[in-house]
Amino acid sequence: MPCLIDSHLHTSFSGDSNAPMEETILSAVQKGLRGICFTEHLDWDYPVCEECPPGTFDLDIDAYYRQFALLSEKYAGQIRLRFGIELGLQPHLALRHRDLLRVWPFDFVIGSAHVVNGRDPYYPAFYEGRREEDCYLEYFQCVLENMEAFAQYDSLGHLDYVVRYGPNKDLYYTFQKYQDVLDPILKKLAMTGKALECNTGAIRYGLRELNPSLLILKRYRQLGGEFITIGSDAHTPDRLGDGFERDCEVLKAAGFSYYTIYEKRKPKFLKL
């Protein structure tokens with residue numbers, strides 16, 4: 001496995017995972033990973049539903065950091081652990097997110113869009129009675145609005161997240177169909193020195209390509225984008241590093257020779 005550091009994963013500190021942090025570390029060691037970055041979910045103002053009561057995606061950062069520090073010391077001779085977070089971006093949360101990042105010593109911050117105008121595309125209700133194309137377009141427009149409101153993230157997470165859950169997933173989805181809205185996103189990333197994440201979680205959802213697709217990765221590179229982070233989006237220990245061989249092949253095909261990790265919010269390049 002040429003890419004040996006997983007920079008997107010979740011444990012029981014995230015509302016959608018039951019994975020103990022220590023089991024996740026042991027799995028990473030067993031798989032031969034050189035490092036992992038925990039990126040626990042924090043989605044303030046996540047829409048309440050039967051499956052997600054209030055506070056589901058809040059994060060006890062104090063408890064998270066204490067456990068991280070304890071286990072970082074315990075496994076210091078076996079694997080490098082990094083302290084990260086995945087922020088669920090919404091424009092009205094920008095100031096709150098900025099204040100949060102002034103307080104905690106994160107190594108890495110992923111900015112992701114999970115909520116689109118009060119709804120999560122994870123749920124079928126987002127698509128009911130609407131054209132799939134319009135739903136995807138609304139999602140990408142929301143990503144751009146988030147980027148314009150908040151720029152203190154390091155990497156943009158799973159850009160085409162919405163495609164994982166659409167009625168036809170990526171059967172009719174192409175970069176060209178949405179290029180008018182995707183190009184401004186990719187240009188803004190490239191111009192501001194932000195990373196684009198290549199997320200292998202798409203494999204678990206039966207997509208033909210990773211999140212984002214090869215043509216999106218190529219376009220980001222054409223526009224001058226340099227920073228690519230790699231993550232499995234694992235929510236269970238067995239999924240760490242899933243699809244990394246394919247990930248590295250795709251990134252090379254897109255024109256990249258290196259991927260990026262972050263330490264203390266600073267990028268470092270590692271050869272693919």
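Nothing fancy with the numbering, it's 1 onward along the sequence.
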Shortest non-hydrogen contact from [X] toward [Y]:
X: Pro121; Y: Arg119; result: CD-O, 3.6 Å
X: Leu240; Y: Ala28; result: CD1-N, 3.6 Å
X: Leu196; Y: Ser155; result: C-OG, 3.7 Å
X: Val162; Y: Tyr127; result: O-OH, 3.3 Å
X: Ala149; Y: Ala94; result: O-CB, 3.4 Å
X: Cys49; Y: Tyr123; result: SG-OH, 3.8 Å

Identify, with sequence neighbours excluded, every residue that meets ring-ring contact (aromatic ring centres under 6.0 Å, His included) alongside [X].
X: Phe108; value: Tyr262
X: Phe57; value: His41, Tyr46
X: Tyr75; value: none
X: Phe13; value: Tyr64

Which pairs, with at least one residue in residues 177-215 and sequence neighbours excluded, count as a ring-ring contact (aromatic ring centres under 6.0 Å, His included)?
->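 For residues 177-215: Phe140-Tyr178, Tyr165-Tyr205, Tyr173-Tyr178.
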Show every salt bridge (charged side-chain N to carboxylate O under 4.0 Å, His left out) that has at least one partner inside [range], sequence neighbours left out.
range: residues 199-208; answer: Asp170-Arg208
range: residues 213-234; answer: Arg164-Asp233, Asp183-Arg219
range: residues 72-89; answer: Glu22-Lys74, Arg80-Glu263, Arg82-Glu263
range: residues 36-45; answer: none

Between Arg102 and Asp99, is there a side-chain N and carboxylate O pair less than 4.0 Å apart?
->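 Answer for the salt bridge query: yes.
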Are side-chain heavy atoms of [X] and [Y] found at a separation under 4.5 Å?
X: Tyr220; Y: Phe227; answer: yes
X: Ile61; Y: Leu100; answer: yes
X: Ile25; Y: Ser27; answer: no
X: Thr39; Y: Cys37; answer: yes
X: Leu272; Y: Tyr258; answer: no
X: Thr260; Y: Lys268; answer: no
X: Glu138; Y: Arg130; answer: yes
X: Ser17; Y: Thr236; answer: no

Please report the interatomic distance [atom1]([X]) to [atom2]([Y]), rounded to the nearest 0.5 Å.
X: Gln179; Y: Leu186; atom1: CD; atom2: CG; result: 9.0 Å
X: Ile36; Y: His8; atom1: CD1; atom2: NE2; result: 13.0 Å
X: Asp247; Y: Ile203; atom1: CG; atom2: CD1; result: 7.5 Å
X: Leu33; Y: Ile5; atom1: CG; atom2: CD1; result: 9.0 Å
X: Leu87; Y: Leu101; atom1: CG; atom2: CG; result: 5.5 Å
X: Gln152; Y: Arg98; atom1: CD; atom2: CZ; result: 5.0 Å

Leu137 and Val181: CA distance, side-chain angles, deciding distance, side chain to side chain contact (heavy atoms under 4.5 Å, CB included) verdict = CA-CA 8 Å; Leu137 182 61; Val181 65; 3.9 Å; yes
Test side-chain hydrogen bond (donor to acceptor under 3.5 Å, both in side chains) on Asp16 and His10 and set out the steps.
-> CA-CA 8 Å; Asp16 55 359; His10 301 277; 5.0 Å; no
Fit a plane to each ring of Phe83 and Phe68, take the angle between them on a 0 to 90° scale, and name the class: parallel (under 30°), tilted (30 to 60°) or perpendicular (over 60°).
->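 The rings of Phe83 and Phe68 sit tilted, inter-plane angle from 30° to 60°.
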Just say parallel, tilted or perpendicular for the rings of His158 and His114, cut-offs at 30° and 60°.
->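 Plane angle between 30° and 60°, so tilted.
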Determine, for Tyr172 and Lys177, whether the Lys NZ or Arg CZ falls below 6.0 Å from the six-membered ring centre while staying within 45 degrees of the axis.
->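 No, Lys177 does not lie over the aromatic ring of Tyr172.
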Can you spot which of Ile110, Asn211, Leu159 makes a side chain to side chain contact (heavy atoms under 4.5 Å, CB included) with Asn199?
->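 The side chain to side chain contact (heavy atoms under 4.5 Å, CB included) with Asn199 is passed solely by Asn211 among Ile110, Asn211, Leu159.
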Backbone of Gly241 reached by a side-chain donor or acceptor of Asp6 within 3.5 Å =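 Looks like yes, one N/O pair under 3.5 Å.
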Does Asp107 offer a backbone N or O that forms a donor-acceptor pair with the side chain of Lys266 under 3.5 Å?
->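 Answer holds: no.
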Residues which pass side chain to side chain donor-acceptor pair (under 3.5 Å) with Tyr139, listed by chain and number, not counting sequence neighbours =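 Partners of Tyr139 under the side chain to side chain donor-acceptor pair (under 3.5 Å) test: none.
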Whether over 12 other heavy atoms sit under 6.0 Å from Phe126 CZ |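 Enclosed.
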Flag yes if more than 12 heavy atoms outside Asp180 fall under 6.0 Å of its CG atom; otherwise flag no.
->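 Check fails, neighbour count at 12 or below.
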Go through the structure and list residues passing salt bridge (Lys or Arg N to Asp or Glu O under 4.0 Å) with Arg265, not counting sequence neighbours.
->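 Listed in chain order: Asp154.
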side-chain contact (heavy atoms from CB on, under 4.5 Å) partners of Pro20, counting only residues at least two apart |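 With sequence neighbours excluded, Pro20 shows a side-chain contact (heavy atoms from CB on, under 4.5 Å) to Glu23, given in chain and number order.
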